[in-house]
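Below is one structure, written out as C-alpha cells, with a few remarks after it.
Per chain, numbering begins at 1; letters A, B, ... match sequence-line order. The analysis underlying the following values was restricted to heavy atoms, covering all of them including side chains, and did not include hydrogens, waters or symmetry mates. Small disclaimer: the values here were computed from a predicted structure and weren't measured.
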Protein chains: 2
Amino acid sequence: MVAETLVLRPPGRAERTRRALAAAALARLRADGSFTTEEVATDAGVSLATVHNRFPEGRDGLMAEAFEAVLDRVVEVTRLLEVERLLENGLEQVVADLVEGLVVVFEEETLVMRAALARLPESQSLRHAYRDHEAQALVSITRFIRLGQAAGRIARGDPDEMAVAVLVLGQGLNNPTLLGSSRRPQVVAQLSDLLTSMLSPGR
Amino acid sequence: MVAETLVLRPPGRAERTRRALAAAALARLRADGSFTTEEVATDAGVSLATVHNRFPEGRDGLMAEAFEAVLDRVVEVTRLLEVERLLENGLEQVVADLVEGLVVVFEEETLVMRAALARLPESQSLRHAYRDHEAQALVSITRFIRLGQAAGRIARGDPDEMAVAVLVLGQGLNNPTLLGSSRRPQVVAQLSDLLTSMLSPGR
C-alpha cells in the first residue's frame with residue numbers, strides 16, 4: 001500500500017480530464033472574469049455530465065481549482081523571502097522583490113481573484129483554498145523573520161506578530177485603487193520602504 | 001424651482017418606506033450576513049411589490065443602501081484625521097485612533113462588508129457606493145497630509161501618493177486573519193507604528 005502510493009505514475013485519464021477542465025476554467029476566468037460549466041465542458045471537449053462527475057461541487061469546484069493555481073503563485077512569491085537572499089542582497093532588495101512580485105501577480109490575476117473572492121462566503125472549497133495558502137504564506141514569512149533575526153538582519157520582536165503585519169500589508173497590495181493608480185510606482189516604493197523600515201534592525 | 005429644492009421637508013411616505021426597507025436589510029445583514037427580499041418586506045411590513053417599487057434593482061439595491069451606511073461609518077473614522085487633533089494630541093495618537101476606529105468598524109460590520117463585497121463584481125450600485133466613499137476617504141486623508149505638512153508635523157512628499165499608501169494600509173486592516181488573530185492588539189499596534197513612522201517628519 002505504502003509502496004504503491006509512493007510510486008510516481010503519470011496521471012490517469014480521470015486526472016487528465018480534471019486538469020484540462022481546471023485549465024479551461026482558469027483560462028476563461030483570466031480572459032472574461034467568469035465562466036459557465038457549459039463553456040468549460042466545451043473548451044475541454046467533454047460532456048457536462050463528465051464535468052459534474054469530476055467536480056461534484058460544480059462551478060465552485062472548478063473555481064476553487066483555478067483559485068488554487070493563482071494562490072500558488074502568491075505563495076511562490078513569498079518564497080522570495082529567503083535568508084540567503086537577505087544576506088546576499090540586503091533587506092531592502094528582498095522586500096522590494098516581494099512587493100513587486102505580489103503586485104505583478106495581483107494585477108495579472110485580478111479577474112480570477114475578484115471572481116473567486118466574490119464566491120468565498122458561499123463556497124467552502126474556496127475558503128479552504130484561501131486559508132490553506134494563507135497558512136503556507138505565513139509559514140514562509142515567519143521562518144524568514146526568525147532566521148533573519150538569528151542572523152541579526154531583522155528587527156527583534158515576536159516573529160508571529162511581525163509575520164501577520166507583513167501578511168496584512170501584502171494582502172493590502174491587492175487593491176484596485178493602488179493597482180489602477182497613475183502613481184502606482186511611487187506608492188509601491190513607499191509601501192516597500194515602510195515594510196523595510198518595519199523589519200530593519202536599525203529602526 | 002430652486003427655492004423648492006432648498007426647502008428642507010420631512011421625508012414623504014415613499015422615502016420613509018425606502019428608509020425602513022434599507023434599515024431592515026442592514027439589520028438582517030448584521031445578524032445573519034444575508035437576507036431575502038421577502039424577509040425584508042415582512043420586517044418592514046410592506047408587500048414585495050412595494051419593495052420592487054422602491055428598489056427597482058431589487059436585492060442589490062437594498063444591499064447597496066446597507067453598504068452605504070457601513071461605508072459612511074468608515075468615512076466618518078477617516079474624519080478623525082484633523083489637523084487640530086494633530087497639533088493638540090500628536091501624530092502617534094491621531095494615527096492610533098484612526099487604526100483603532102477602522103478595526104472596530106471592520107469588525108462590527110464584517111458580515112455586511114463580506115456580503116456587499118461579494119456582490120461587487122455583479123452590481124454597479126455597489127461598485128458606485130464603494131468608489132464614492134473611497135473618494136471621500138481619500139479627500140479627508142489628502143487634506144490632513146497637506147495641512148499637516150504645512151504645519152511641519154507630517155513628512156514631506158507628494159500628498160496624493162502618501163494618501164493612497166494610507167488608504168491601502170487602512171483597507172488592509174479589513175482582514176479576517178488580522179481581526180481573528182489572538183495577537184490582534186500587538187499587530188494593530190505594530191501597524192499603527194508603521195503608519196506613524198511613514199508620516200512622521202522626523203523619519
Self-check item: Structural part of A:Asn174 lying under 4.5 Å from a heavy atom of chain B
Solution: neither
[X] atom [atom1]: more than 12 heavy-atom contacts under 6.0 Å:
X: B:Arg73; atom1: CZ; answer: yes
X: A:Glu92; atom1: CD; answer: no
X: B:Gln124; atom1: CD; answer: no
X: A:Glu38; atom1: CD; answer: yes
X: A:Arg127; atom1: CZ; answer: yes

Practice problem: Can you see which heavy atom on B:Met162 is nearest to which on A:Gln190, and at what distance? | Solution: CG-NE2, 3.5 Å
Quiz prompt | B:Met198 versus A:Leu194, closest heavy-atom pair with distance | solution = CB-CD1, 3.2 Å
If you count heavy-atom pairs under 4.5 Å with chain B, which of [options] comes out on top?
options: A:Gly172, A:Ser181, A:Ala115; value: A:Gly172
options: A:Leu138, A:Asp158, A:Leu195; value: A:Asp158
options: A:Leu117, A:Asp160, A:Leu167; value: A:Asp160

Practice problem: For the residue pair A:Arg183 and B:Val164, establish whether any side-chain heavy-atom pair is separated by less than 4.5 Å. | Solution: no
Quiz item: Do the non-hydrogen side-chain atoms of B:Glu134 and A:Thr177 ever get within less than 4.5 Å of each other?
Solution: yes
Practice problem: Examine whether an atom of B:Leu169 lies under 4.5 Å from a heavy atom of chain A, and if so say whether it belongs to the side chain, the backbone or both; otherwise answer neither. | Solution: side chain
